[in-house]
Amino acid sequence: MRAQSSAIAPTAIAVSGTPRSPSGTVQAALGVTAFSLTFPATAWGLEGFGPWSLVAVRSVLAALLAGACLLLLRVAPPARSHWAGLAVVAAGVVVGFPLLTTLALRTSTTAHAAVVVGLLPLTTAVMSALRVGARPSRTFWAAALVGAAAVLVFTVQQSGGALSSADLYLFAALLVCAAGYTEGGRLARVMPGWQVIGWALVLCLPLTVPAAAVALAHEPVRLTAHSVAGVIWVAAGSQFLGLVVWYRGMAAIGIPRASQLQLAQPLLTLVWSVLLLGEHVTVAAPVTAAAVLVCIAVTQRARS
């Protein structure tokens with residue numbers, strides 16, 4: 001029990017902008033880099049897997065990895081009062097966001113999706129404010145509305161004057177993921193963040209294992225270097241290990257500084273879409289992404 005408590009004791013997340021160690025900044029930056037590769041890796045995975053197979057298999061693999069870590073560290077199960085919150089995290093982060101974005105990426109480019117999902121920090125901030133009953137300033141709401149309007153104009157313009165089915169999937173993904181992040185942030189106050197996502201992944205196993213079996217039986221699978229690498233990355237890199245280093249980095253350098261690093265994620269995804277997928281990025285994509293980054297920075301300042 002003594003070894004267990006020292007291994008899994010919750011780490012207090014610093015709120016100061018001053019980093020406690022250079023390694024914290026490196027870990028947070030590694031987390032952002034891992035997340036920025038999610039859409040390109042998903043596009044690779046779709047080269048050999050159907051959308052339902054890809055989501056189910058990635059969730060099973062990530063859950064097995066998380067479960068192994070929880071067992072090796074002898075982490076005790078969460079209190080009964082936390083399971084409802086973990087179910088929200090599982091529904092939003094483990095199932096909802098991966099499934100909806102994967103369905104969107106069947107017809108959307110990763111660059112387009114990156115700009116839309118770049119609105120996630122704003123969506124999460126709004127949902128968090130509503131969840132805890134906070135009353136943000138007018139500046140906060142103005143910046144959030146401007147950021148949302150910029151993304152809406154971009155999506156309509158890129159989709160030929162109307163929202164496409166892929167856009168609807170992406171906007172739905174924003175909502176469910178923001179709910180999962182908000183509930184996960186609440187739970188991370190009482191347990192380490194990696195355990196939050198770890199238990200959420202394990203909680204989904206009774207659903208994801210049979211779903212993977214059914215999906216693999218009905219969707220054709222073509223194993224290629226790209227498809228295998230894509231599945232491995234979204235399972236291990238994006239859905240588990242990326243979150244581990246992200247939460248550790250955030251605990252070391254503080255939420256404000258870590259959040260500033262995350263502002264680079266949409267632009268990084270745009271870079272990966274060009275380098276890894278050979279996509280052509282229009283001028284509107286980086287301009288809109290930069291506008292959203294400014295709005296996010298304003299909301300963070302308004303909340304602090």
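Using a 4.5 Å cut-off on side-chain heavy atoms (C-beta onward), L86 and P78 make contact. Taking the side chain as every heavy atom from C-beta outward, S273 and F39 never approach each other to under 4.5 Å. Using a 4.5 Å heavy-atom threshold, the side chains of V115 and V292 count as separate. When side chains are defined from C-beta on, L276 counts as touching W44, because their heavy atoms get closer than 4.5 Å. Using a 4.5 Å cut-off on side-chain heavy atoms (C-beta onward), W194 and C69 make contact.
Take S108 and apply the side-chain hydrogen bond (donor to acceptor under 3.5 Å, both in side chains) test, not counting sequence neighbours, and it matches no residue. Legend: residues meeting ring pair (Phe, Tyr, Trp, His ring centres under 6.0 Å) with H82, ordered by chain and number and at least two apart, are absent. In this view, P286 and L270, V281 satisfy the side chain to side chain contact (heavy atoms under 4.5 Å, CB included) rule, not counting sequence neighbours. Under the side chain to side chain contact (heavy atoms under 4.5 Å, CB included) criterion, C177 pairs with F97, L120, Y181, not counting sequence neighbours. The side chain to side chain contact (heavy atoms under 4.5 Å, CB included) search around L64 returns V60, not counting sequence neighbours. Considering only residues two or more places apart in sequence or on other chains, E183 meets the side-chain hydrogen bond (donor to acceptor under 3.5 Å, both in side chains) condition with R131, R186. A search for side-chain hydrogen bond (donor to acceptor under 3.5 Å, both in side chains) contacts involving T224 returns S227, not counting sequence neighbours. W52 pairs by the side-chain hydrogen bond (donor to acceptor under 3.5 Å, both in side chains) definition with nothing, not counting sequence neighbours. For F154, the ring pair (Phe, Tyr, Trp, His ring centres under 6.0 Å) partners at least two apart in sequence or on another chain are H112.
Follow the hydrophobic side-chain contacts under 4.5 Å out from V228 and you reach V221 in the same cluster. Both V57 and L223 are members of a single hydrophobic cluster when ILVMFWY side chains are connected at heavy-atom separations under 4.5 Å. F240 and V95 end up in the same hydrophobic cluster when Ile, Leu, Val, Met, Phe, Trp and Tyr side chains are linked at under 4.5 Å. Hydrophobic clustering (side-chain heavy atoms under 4.5 Å, transitive across Ile, Leu, Val, Met, Phe, Trp, Tyr) keeps V153 apart from V146. By the rule that hydrophobic residues join a cluster once side-chain heavy atoms approach within less than 4.5 Å of another member, V196 and V176 end up as members of separate clusters.
A donor and an acceptor atom, one from each side chain of T208 and S59, are nowhere located under 3.5 Å apart. Checked by atom type, the side-chain pair W272/S36 shows a donor-acceptor distance below 3.5 Å.
The list of ring pair (Phe, Tyr, Trp, His ring centres under 6.0 Å) pairs with a residue in residues 274-298, not counting sequence neighbours, is empty.
Remark: side-chain polar atoms of R222 are paired, donor with acceptor, to backbone N or O of E47 under 3.5 angstrom. Remark: side-chain polar atoms of T182 are paired, donor with acceptor, to backbone N or O of A178 under 3.5 angstrom. Proximity of a side-chain donor or acceptor of E279 to a complementary backbone N or O of A111 within less than 3.5 Å is detected. Although no hydrogens or angles enter the test, the distance criterion places no donor-acceptor pair under 3.5 Å between the side chain of R58 and the main chain of V55. Side-chain atoms of S53 come within 3.5 Å of backbone N or O of A215 as a donor-acceptor pair.
One finds the CG atom of L54 at 10.0 Å from the CG atom of L216 (value rounded to the nearest 0.5 Å). Between T42 atom OG1 and L105 atom CG the span is 6.0 Å, to the nearest 0.5 Å. To the nearest 0.5 Å, atoms NE2 (H226) and CG (L46) are separated by 13.5 Å. The line from CG of L65 to CD1 of I232 is 11.5 Å long, rounded to the nearest 0.5 Å.
I197 and V93 get closest at one heavy-atom pair: CD1-CG1, 3.9 Å. Closest of all the heavy-atom pairs between W199 and A76 is CZ2-O, 3.7 Å. Between A200 and V89, the closest heavy-atom pair is CB-CG1, 3.8 Å. Looking at every heavy atom in both residues, L277 comes nearest to A43 through CD1-CB, 3.9 Å. The two atoms that bring L61 and V231 nearest to each other are CD1-CG1, 3.8 Å, heavy atoms only. Between A63 and L201 the shortest heavy-atom distance is CB-O, 3.5 Å.
Ring pair W246/F35 is perpendicular by interplanar angle, where above 60° counts as perpendicular and below 30° as parallel.
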Got a list of side-chain donor-acceptor pairs under 3.5 Å for residues 168-175, not counting sequence neighbours?
none

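Through direct or relayed side-chain contacts under 4.5 Å between Ile, Leu, Val, Met, Phe, Trp and Tyr, V287 connects to V283.
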